[in-house]
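The analysis underlying the following values was restricted to heavy atoms, covering all of them including side chains, and did not include hydrogens, waters or symmetry mates. Quick caveat, the model's predicted, so the values are computed rather than measured.
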Amino acid sequence: MGLFDRFQKQKKAPEPKPSAPSTPETGLIDFHPYDTGLAESVRALEADLRKLNTNGRRPCGRDEFIALLAGIAALRKTPGIPGPNESGPNYFITLPKCASRVEELACQAHLKEIFGITDKASMVEFCNKELRCHSQYLDFEGFWEGRPPFDLSQLNGGGLEFFKTARDFSAQFYSIVGHKGYLAWDISECVGHLRAGYACGLLTREEFDEMAEHWIVQAQIFEDWTDFAVSLVCGELYWDFRGGSKLPELNKGLELWTKLVSMLLNDGAAWASGLWYVPPRKKEFGLWAPEFKLYLTDWEGPNGCFATDHITVLGKKVGWCYREQPTEGRPDSGWRFFSGEESEDYVNDARNTEVYDLNTICNYDPDILPLLTAPAGTAYMRGPDGNFHAEQYTPSED
C-alpha cells in the first residue's frame with residue numbers, strides 16, 4: 001500500500017460480484033475530480049507539445065535512452081557533474097562521469113546529505129520509499145475502476161481522509177493519462193538518481209544496468225516523448241500537492257515544468273530527436289508489464305497458468321479454456337487458455353505455449369474473470385454470442 005501503510009488500523013462458474021454504484025457519466029466508482037483548472041492547462045500543454053515533437057520514435061542505443069529518461073535531472077545542477085553548458089552536443093544522450101576524485105566526493109556528499117543515498121541499498125530504499133507517485137495513482141485507479149487493491153476500512157480516520165483527498169485530486173488527470181498515470185515522474189526521478197550515483201561511483205556499472213533495466217521496461221508504455229512529458233508533468237503536480245502546495249504554487253510549478261519539458265522537446269539532441277530504445281524480449285508480446293492492471297485483488301491459491309501465443313502474441317481472445325487438477329506442490333492454478341483456433345500440431349509444440357500469472361491473462365482478456373473460481377474439471381467455450389458456455393471436459397490421463 002506504500003504511502004498509506006502508516007494509516008492502517010492495528011488488528012460452477014460463479015456470477016460476477018456486484019460492484020459499488022458508479023458515477024453515471026463515467027461508469028467509474030467514487031470518481032470526484034477536483035475542479036482546479038490544472039487539467040485544462042495540461043490538455044493545452046499536451047496540444048502545444050504535440051506541435052513541437054512530431055518525430056515519433058527512432059531507434060537508439062540503451063545508454064542513450066537511459067540518459068534521455070534522465071533528461072530533467074540533466075537540466076539540474078548537481079555538484080560534481082558537468083552541466084549542459086560544460087559539455088558537448090551529445091550531453092543529453094551521454095551518461096556522465098565525474099572528472100576527478102574531488103568532484104566524485106562532492107556528488108557523493110550531495111546524495112548523502114539531501115537524499116540519504118550512500119550505496120546501492122540506500123538508493124533502492126530511497127526510490128522505493130519516496131518516489132512512488134505512480135503506485136499511489138494505481139491504487140486510486142483500482143478503486144475508480146472497481147478493482148479495489150485493498151479495503152479502505154484498513155485506514156484510520158486521518159489516513160482515509162488523506163487517501164480520498166489525494167484520490168480526488170488525481171481524478172482530474174485520469175482522462176488525460178489513463179493507466180500511464182504518474183509513471184513518467186517516477187521514472188524521471190529514479191533514473192536521475194541512478195545517473196548521479198553512477199557518475200560519482202556509488203553504483204558500479206553492473207548495479208546501474210541492473211537497476212536501470214526496470215525503468216527501461218516501464219517506459220515502454222509511452223508512445224513517444226510527448227506522451228512521457230505529459231505523464232511527468234501530472235506526476236510533478238501530484239508530488240507538489242501531496243507535499244502541501246496550494247493552487248497558486250501548483251500553477252507556478254506547472255509553469256516551471258512546462259518550460260523544462262518544452263526545452264527537451266525543442267532540442268534536437270534531446271527528446272526532440274525521437275530517440276527510443278526498445279529492449280529485446282523472448283517474444284513480441286502484445287502487452288508490456290507496465291500496461292497490466294491488477295484484476296485479481298483477492299485471489300487465493302496458486303496463480304500460475306498456461307496460455308498459447310495466439311492470446312499473448314497474436315492478440316486473439318480466449319475461445320476455449322479448461323481447469324485441470326494442478327500438480328501438488330507447484331504454483332499452478334490448473335487453468336489452460338487457448339484461442340480455439342490452434343491446430344493440434346501448434347498446441348503440441350511447446351514453443352507456442354508459456355507459463356503466466358493468471359492476472360497477466362486477465363489483462364489480455366478480462367472476459368475470463370467470472371470463470372476463474374470454477375473447480376478443476378471445468379471447461380468453457382466462447383459461443384457465437386461472444387459469451388462463455390460450459391463444455392464437457394475429459395481430463396487427460398497423462
Side-chain angles (χ1 to χ4, degrees), residues 12-22 26-29 141-149 178-179 283-289 291-328 330-398:
K12 186 177 177 172
E15 294 297 320
K17 296 180 181 178
S19 61
S22 62
T26 64
L28 301 172
I29 301 167
E141 182 193 57
F143 281 97
W144 296 328
E145 296 183 354
R147 304 176 286 101
H179 187 61
K283 296 178 180 179
E284 289 300 315
F285 298 110
L287 297 174
W288 288 89
E291 297 179 86
F292 295 158
K293 295 182 178 183
L294 179 59
Y295 285 104
L296 301 181
T297 57
D298 55 359
W299 180 262
E300 296 181 359
N303 57 354
C305 67
F306 289 92
T308 72
D309 291 351
H310 267 218
I311 297 163
T312 58
V313 177
L314 300 183
K316 296 178 182 290
K317 289 283 191 178
V318 173
W320 161 254
C321 60
Y322 62 86
R323 191 176 195 181
E324 62 185 15
Q325 192 66 42
T327 303
E328 187 175 350
R330 294 184 179 180
D332 178 19
S333 68
W335 278 107
R336 314 292 181 245
F337 299 100
F338 310 83
S339 73
E341 300 175 15
E342 299 92 342
S343 67
E344 184 174 354
D345 287 344
Y346 184 95
V347 172
N348 289 336
D349 187 340
R351 293 173 297 180
N352 297 323
T353 302
E354 302 286 345
V355 177
Y356 299 95
D357 187 293
L358 272 175
N359 191 74
T360 296
I361 305 305
C362 290
N363 274 271
Y364 281 96
D365 190 350
D367 293 350
I368 67 172
L369 280 164
L371 314 179
L372 298 183
T373 55
T378 307
Y380 294 92
M381 177 173 287
R382 193 188 295 270
D385 59 358
N387 298 318
F388 282 107
H389 302 278
E391 289 283 316
Q392 283 289 116
Y393 168 62
T394 302
S396 169
E397 297 181 358
D398 294 339

Using 30° and 60° as the class boundaries, would you call the ring planes of Y380 and F388 parallel, tilted or perpendicular?
perpendicular

Check: T353 and V347 side chains under 4.5 Å, non-hydrogen atoms:
no

Decide yes or no for F285 and V313: does some side-chain heavy atom of the first lie under 4.5 Å from some side-chain heavy atom of the second?
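Yes - at least one pair of side-chain heavy atoms lies under 4.5 Å apart.
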
Testing the basics here: between [X] and [Y], what is the closest heavy-atom pair and its distance to 0.1 Å?
{"X": "P148", "Y": "F143", "result": "CB-CE2, 3.5 Å"}
{"X": "A379", "Y": "Q392", "result": "CB-O, 4.5 Å"}
{"X": "L296", "Y": "N359", "result": "N-OD1, 3.1 Å"}
{"X": "P366", "Y": "N363", "result": "CD-O, 4.2 Å"}
{"X": "T297", "Y": "P149", "result": "CG2-CA, 4.1 Å"}
{"X": "Y364", "Y": "G286", "result": "OH-N, 3.4 Å"}

Point-to-point distance, once rounded to the nearest 0.5 Å, from [atom1] of [X] to [atom2] of [Y]:
{"X": "L371", "Y": "T378", "atom1": "CG", "atom2": "OG1", "answer": "9.5 Å"}
{"X": "D365", "Y": "K317", "atom1": "CG", "atom2": "NZ", "answer": "4.0 Å"}
{"X": "I361", "Y": "L287", "atom1": "CD1", "atom2": "CG", "answer": "9.5 Å"}
{"X": "K283", "Y": "N352", "atom1": "NZ", "atom2": "CG", "answer": "6.5 Å"}
{"X": "I29", "Y": "E145", "atom1": "CD1", "atom2": "CD", "answer": "9.5 Å"}

Donor-acceptor contacts, no H, no angles, side chain residues 299-307, under 3.5 Å, sequence neighbours left out:
from : atom 1 : to   : atom 2 : distance (Å)
W299 : NE1    : G301 : O      : 3.3
W299 : NE1    : P302 : O      : 3.0
N303 : ND2    : D357 : OD2    : 2.8

Validation: residues 334-342 side-chain donor-acceptor distances under 3.5 Å, sequence neighbours left out:
from : atom 1 : to   : atom 2 : distance (Å)
W335 : NE1    : L372 : O      : 3.1
R336 : NE     : E324 : OE2    : 3.1
R336 : NH1    : D332 : OD1    : 3.0
R336 : NH2    : E324 : OE2    : 3.0
R336 : NH2    : D332 : OD2    : 2.8
S339 : OG     : H310 : ND1    : 2.7
S339 : OG     : E341 : N      : 3.0
S339 : OG     : E342 : OE1    : 3.3
S339 : OG     : E342 : OE2    : 3.4
E341 : OE1    : K316 : NZ     : 3.0
E342 : OE1    : S339 : N      : 3.4
E342 : OE1    : G340 : N      : 2.9
E342 : OE2    : T308 : OG1    : 2.6
E342 : OE2    : S339 : N      : 2.8

Going through the checks in order, is the side chain to side chain contact (heavy atoms under 4.5 Å, CB included) test met by R323 and Y393?
CA-CA 9 Å; R323 191 176 195 181; Y393 168 62; over 6 Å; no

